[in-house]
Amino acid sequence: MSSVTATKRSGGTKSAAGPRPDHARRDHGAWFLVLPALIPILLLSVGPLLYGLALAFTDAQSGRTQATQWVGALNFQDLWHDTLFWDSFRIGLSWAVGVTAPQFLLALGLALLLNEKLRFRWLTRALAIIPWAMPEVVVGIMWRLVYNPDAGVLNETIRDLGLGDGRDWLTGLATALPAVILVGVWAGMPQTTVTLLAGLQNTPHELHEAAALDGAGAWRRFRTVTWPALRPVALAVTALNFIWNFNAFALVYVLTNGGPGGRTRLPMLFAYEEAFRYGQFGYAAAMGCVMVAVISVLLALHLVGRLKGEDQR
Amino acid sequence: MSVTRTSRPARLGQYLALLAYLVFLAFPFLWLVSTAFKPARELGSLHPTWIPEDPTLDNFRQAFDEQPLLRAAGNSLLAALAAALIAVLVATPMAYAIARHRSRLSTAATGWVVVSQAFPFVLVIIPLFLVLKNLHLINSLAGLVMVYVVWALPFALWMLVGYVRAVPAELEEAAAVDGAGRLRVLVSVTAPLLTPGIVATALFAFITAWNEFFFALVLLKTPEKQTLPVVLTHFLGAEGAADLGPLAAAAFLATLPSLVIFAIIQKRITGGMLAGAVKS
């Protein structure tokens, strides 16, 4: 109640707002501003998340007549013995590392390149919009056209170069995961590049020039000037990319739908099937919990490592 | 003139690297466009051509015949517009509060933004599915919009907080000294300066919703309700044996709105993202 009157007073009359508004009133106003967003967040984000955590300890299933019951850690015990789940987990990690690492290295190289005074920089930036803005479903469809064994451009190029007949990339047991990873790298690179580039352009140019005058070579300038300034952005980008990639769904759903023989079945695809094809809500929720836990641990380790590196400097 | 001059071979190497990247970036898209305009005869040939020898619009016609593309696009448009508008409406005041009041609230909000990025959607979608089912909002665009709003909020907040911080607080204080009330300051001083940022955020929320697939796949059951990305996957067929031409044509069309909008706001998005990331 008090917050409502306070906001009315501060907003409505001119005399109430002095040159230095007192802090108590300002904070009430702040809460009032926050509520419209806070309510949907609590109801549709935080709430479901807690509900999801709870579901992981139940036998919830879709289309069942008996009531849902608590089963304790049973889902987690089952998961522990579910080799298919651990396979998908391993695939998810290989995919996340396989996409994030080259994505970062290539994007860093390209950002450094675009930070130079080169011609055609605008063209790169303009083209970078394509993967960034495209719906993931379309990216998947597009690369299926590229990888198509008969009518695809990849095999046609291989045939033209006389390197053989090409192959069916997305259905080959050995080639499917690398083929999908390449698409992941393609799709995420522009965003990483542009963010890193913006980070580069935030670093003071004078430092560079001073270092160059002191006779520092390109590599030393990168190590002593560019990298320290870029590191916070680079760290944030890599961590987020890793998480996003680990949680990826649409791209691989369209490209291979987890095939061949589960070789590209990412954890999200596995959990999706478990929940919405077999109706095992509790079990799928437990998978989600394990994914969150592992991501959190990995990120914590990553951050601790980074902070330690900072101390030694 | 720059002191960090580059030698000629190094420069050449730089251009080669740039060229390689341009090719990598462009060729899948060019292939998609080329496929979309190829007649069936060229698509079936064992030696596909880069540029259609006999370009045709047949694939587009066929795509509209095979799947309810127009209705799907209408659904996508409706869901994305509603989600973008609502997200910006509720996020802007909150972003303002976070940017101007450094308090526990802003710490909590920043924490939530970061954490919300880490959830595997499956952990959220199962409970949401159950809740929406009880509310009879499965297979309804209204339910999808609710999900999209909350899904767009972290990033919208992230961007908007950056934009608010870019408006100097001194401007607002000066107006307050001149006797303007708090609401007046907001409406006549802050809002006009924020408008471009709000528009960029709304457009970004629009694109994310327009492109979104996972929630739409789970929540929308019948073809009449489905959005464009979901309908596109119907072209793939059960065994993945797709009709390449119409598939390419439909995919190409579905991309155009995002590409155009994104081209317009690309710079602002990076700016907003970076402002949020560096200054928080």
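Note on naming: letters A, B, ... go to the chains in the order of the sequence lines (proteins, then strands), and numbering restarts at 1 for each one. Hydrogens, waters and symmetry mates are skipped; everything else that's a heavy atom, side chains included, is used.
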- Task: Name the member of B/A248, B/A251, B/P28, B/A174 that forms the most heavy-atom pairs with chain A at distances under 4.5 Å.
- Result: B/P28
- Item | Per-residue contact mode, A/A151 against chain B (heavy atom under 4.5 angstrom) | both
- Message: What part of A/L145 gets within 4.5 angstrom of chain B, counting heavy atoms only: side chain, backbone, both, or neither?
- Response: both
- When B/V218, B/T233, B/L186 are compared by non-hydrogen pairs under 4.5 Å with chain A, the top option: B/V218
- Which answer fits A/R159, side chain, backbone, both or neither, if we ask what part of it has an atom under 4.5 Å from a heavy atom of chain B? side chain
- Heavy-atom contact with chain A under 4.5 Å, split by part of B/W50: side chain
- Step-by-step side chain to side chain contact (heavy atoms under 4.5 Å, CB included) determination, B/F29 to A/M142: CA-CA 7 Å; B/F29 187 68; A/M142 184 177 72; 4.3 Å; yes
- Message: Can you tell me which portion of A/I295 sits under 4.5 Å from chain B's heavy atoms? Options are side chain, backbone, both or neither.
- Response: side chain
- Considering only heavy atoms from C-beta outward, does the side chain of A/L118 approach that of B/R11 to under 4.5 Å? yes
- Message: Looking at every non-hydrogen atom in both residues, tell me the closest pair between B/W31 and A/G152 and how far apart they are.
- Response: CZ2-C, 3.9 Å
- Message: With a 4.5 angstrom heavy-atom cut-off, is it the side chain or the backbone of A/L127 that approaches chain B, or both, or neither?
- Response: both
- Residue part contacting chain A, namely of B/L130, when any heavy atom lies under 4.5 Å: side chain
- Just give me the residue among B/V131, B/L22, B/V124, B/L157 that pairs up with chain A most often, heavy atom to heavy atom, under 4.5 Å. B/L22
- Message: Does any backbone or side-chain atom of A/N155 lie under 4.5 Å from a heavy atom of chain B? Answer side chain, backbone, both or neither.
- Response: neither
- Quick check: does any side chain N or O of B/Y21 sit under 3.5 Å from a backbone N or O of A/A107, one acting as donor and the other as acceptor? no
- Task: Examine whether an atom of A/P232 lies under 4.5 Å from a heavy atom of chain B, and if so say whether it belongs to the side chain, the backbone or both; otherwise answer neither.
- Result: neither
- Which atoms of A/V46 come close to chain B, meaning under 4.5 Å heavy atom to heavy atom: side chain ones, backbone ones, both, or neither? side chain
- chain B contact via A/M134 - which portion, at a heavy-atom distance below 4.5 Å: both
- Message: For A/Y253, which atoms come within 4.5 Å of any heavy atom of chain B: side chain, backbone, both, or neither?
- Response: side chain
- With side chain to side chain contact (heavy atoms under 4.5 Å, CB included) as the test, would you mind laying out the steps for A/I129 and B/L259 before giving the verdict? CA-CA 7 Å; A/I129 287 170; B/L259 283 186; 4.1 Å; yes
- Find the one option among A/P190, A/S296, A/A275 whose heavy-atom pairs under 4.5 Å with chain B are most numerous. A/P190
- Below 4.5 Å from any heavy atom of chain A, which atoms of B/L18 appear? Answer side chain, backbone, both or neither. both
- Query: Taking all atoms of both residues into account, what is the closest heavy-atom pair of B/A254 and A/V138, and its distance?
  - Reply: CB-CG2, 4.3 Å
- Of the listed A/W186, A/F281, A/W143, A/Y51, the one with the largest count of heavy-atom pairs under 4.5 Å with chain B is A/W186
- Message: According to salt bridge (Lys or Arg N to Asp or Glu O under 4.0 Å), who are the partners of A/E136, at least two apart in sequence or on a separate chain?
- Response: none
- Query: So what's closer than 4.5 Å to chain B heavy atoms on A/L113: side chain, backbone, both or neither?
  - Reply: side chain
- Query: Can you say whether A/I130 sits under 4.5 Å from chain B via the side chain, the backbone, both, or neither, judging by heavy atoms?
  - Reply: both
- With sequence neighbours excluded, tell me which residues meet salt bridge (Lys or Arg N to Asp or Glu O under 4.0 Å) with B/E42. none
- For the residue pair B/F214 and A/F249, does the interplanar ring angle fall in the parallel (under 30°), tilted (30 to 60°) or perpendicular (over 60°) class? perpendicular
- Message: Taking side chain as everything from C-beta outward and backbone as N, CA, C, O, which of these in A/L114 sits under 4.5 Å from a heavy atom of chain B? Side chain, backbone, both or neither.
- Response: side chain
- When the 4.5 angstrom heavy-atom criterion is applied to B/F27 and chain A, the contacting part is side chain
- Note on the structure: Applying a strict 4.5 Å limit to non-hydrogen atoms, the region of A/P267 in contact with chain B is neither
- Option that, when pairs with chain B are counted at under 4.5 Å, heavy atom only, ranks first among A/M287, A/M268, A/M291: A/M268
- Top of A/L55, A/V153, A/I243 for chain B proximity - count of heavy-atom pairs under 4.5 angstrom: A/V153
- Message: Out of B/V150, B/T255, B/L25, B/L32, return the one with the most heavy atom pairs under 4.5 angstrom to chain A.
- Response: B/L25
